[in-house]
Number of protein chains: 2
Amino acid sequence: MTDRMLPLIEGGPVHERSDAARNRVALLVAARALVERCGVAGVTMEAVAVEAGVGKGTVFRRFENRAGLMAALLNFSESAWQDEVISGPPPLGPGAEPLDRLLAFGRSRLRLNVTHGELIEAASQSFGRSYAARSFAAMHVRYLLGALEVDGDLPMLATALLAPLEAVILDRQVRIEGMDLERVDAAWTDLVRRVVRPTGVPGPS
Amino acid sequence: MTDRMLPLIEGGPVHERSDAARNRVALLVAARALVERCGVAGVTMEAVAVEAGVGKGTVFRRFENRAGLMAALLNFSESAWQDEVISGPPPLGPGAEPLDRLLAFGRSRLRLNVTHGELIEAASQSFGRSYAARSFAAMHVRYLLGALEVDGDLPMLATALLAPLEAVILDRQVRIEGMDLERVDAAWTDLVRRVVRPTGVPGPS
DNA sequence: ACCGTAACCGGACCATGGTCCGCTTTCATT
DNA sequence: AATGAAAGCGGACCATGGTCCGGTTACGGT
């Protein structure tokens, strides 16, 4: 399962030819270099090809399209983050109270999505395909809600809680409406508290 | 304020030249025709230009870019919807209880965003600029929350409630995860009820 | 009616995402 | 080591979003 941390090395199809593997690594390294040299917008498919010293067609063969390339790039940091959630120190990792874990999860995810906003945006056409991160987050939130003994349609509730943390929405709030990160954070905490608190319905006496 | 309903006629700059006005109308009509003949994806800037019988440059002059054109197209249905909310029959329009209005608002907005998903997606690059619909929705929800005497950071709470209704997220749920519309609807109702119900904090005795 | 100006028009032009297909490389088998 | 075929490669090619600028047109003042 830690294989997920090594997207540069983990293979594509079951048996990948050595030249193909070499090129895939070269392409990702090139893309990473470009993204920090010219910004996400400057990562042109042709530029990546040139930087990696391969043909343009090769880039498309490996990553389908620009969004796919970006998604592959994202997996770097995304899987590192997943590991923190799964096995890092509390309160994000296991060991803390579920509510604390949930709130820590929100804080962390919020920052991550703001930081990677551009990249996520550029990769988003490729999701639906395999943005593992999204379903991972949904699963985790759902699990924590269960641990908190929240009842209701947990998968949908998880989606609803994650929605305000989406990069698209955060971008609007932070970049356009000029919202403070702390305020967004506080609001999410408030939202979670409202959702999680026990139903007003009196129990079976 | 009803001018907002006539996006085809309402002018751009203070004093628009007659030929410019004619072209703007022609372009929007052409675009609308194309979108229902070839789908949103088939609306090429050049195709619009040809259909309207003008040069390609003119299209870009009027609408800045593809997203701008789509946004202009959206305003058609969007402003009709706004009028329903502002002055239509209850429970969506005024006259019903705030909670009922809020739930009706969600149902309605949900359907609208699913229907216009593609168009909204295509126009979204242009938002931040002037997607009036979004801030209108936020304002309305905020108002209803106020009427329900919900306390807290109302603007942020409104954003949080609207987030799961965003086209991007609905698309994933409905198209990719195969969620049922009714289920999404029910989940939103549940979310609202959780958020709105009075805080567990005991009042000042 | 005339004129100067400012706005507008249009299509040639560029950049970039994406496709295609003939050539090359790799690798399993012998 | 030789070999055949599957996989991979690469760059020419296309479509489309977006820019630019010389020529044209409408408008207001006289």
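Every chain is numbered from 1 and lettered A, B, ... according to where its sequence line falls, protein lines coming before strand lines.
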Peer 1: Check whether any side-chain N or O of B/Trp188 sits under 3.5 Å from a backbone N or O of B/Leu162 as a donor-acceptor pair, and report yes or no.
Peer 2: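 Not at all, since once roles are kept as given, no pair shorter than 3.5 Å links the two residues.
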Peer 1: Base, sugar-phosphate or nothing for A/Arg66? Non-hydrogen atoms, less than 4.0 Å.
Peer 2: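 Sugar-phosphate, no base atom in range.
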Peer 1: Here's a test of your reading of the structure: between B/Arg22 and B/Val43, which maps to the more 5' nucleotide of DNA chain D?
Peer 2: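 Closer to the 5' end of DNA chain D: B/Val43.
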Peer 1: Closer to the 5' end of DNA chain D via nearest nucleotide, is it A/Arg17 or A/Thr58?
Peer 2: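 By nearest-heavy-atom nucleotide position, the 5'-most residue is A/Arg17.
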Peer 1: Side-chain N or O of A/Asn23 versus OP1/OP2 of D/dG8: is the shortest distance under 4.0 Å?
Peer 2: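 So the side-chain polar atoms of A/Asn23 never come under 4.0 Å of the phosphate oxygens OP1 or OP2 of D/dG8.
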Peer 1: I'd like to know if the side chain of A/Arg107 and the backbone of A/Thr189 have a donor-acceptor N/O pair within less than 3.5 Å.
Peer 2: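 No; zero donor-acceptor contacts below 3.5 Å.
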Peer 1: If the threshold is 4.0 Å, N to carboxylate O, is there a salt bridge linking A/Arg172 and B/Glu166?
Peer 2: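 Here A/Arg172 pairs with B/Glu166 in a salt bridge, since their nearest N and O are under 4.0 Å apart.
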Peer 1: What integer distance in Å separates B/Arg62:CZ from C/dA7:P?
Peer 2: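 Nearest whole value for this atom pair: 12 Å.
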Peer 1: Would you say A/Arg142's side chain and A/Leu157's backbone share a donor-acceptor pair under 3.5 angstrom?
Peer 2: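 No; judged by distance alone, with no hydrogens or angles, the pair does not exist.
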Peer 1: Restricting both atoms to N or O, compile the protein contacts to nucleotides 19-21 of chain D shorter than 3.5 Å, with distance only.
Peer 2:
none

Peer 1: Considering only NZ, NE, NH1 and NH2 on the basic side and carboxylate oxygens on the acidic side, decide whether A/Arg66 and A/Glu121 come within less than 4.0 Å.
Peer 2: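 The answer is no: the pair does not qualify as a salt bridge.
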Peer 1: Tell me whether the OP1 or OP2 atom of C/dT26 has a side-chain N or O from A/Ser18 closer than 4.0 Å.
Peer 2: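 No, because none of the side-chain N or O atoms of A/Ser18 sits under 4.0 Å from OP1 or OP2 of C/dT26.
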Peer 1: For A/Arg111 and A/Glu182, what are the C-alpha separation, side-chain angles and deciding distance, and is it a salt bridge (Lys or Arg N to Asp or Glu O under 4.0 Å)?
Peer 2: CA-CA 10 Å; A/Arg111 262 79 181 177; A/Glu182 287 307 322; 2.9 Å; yes
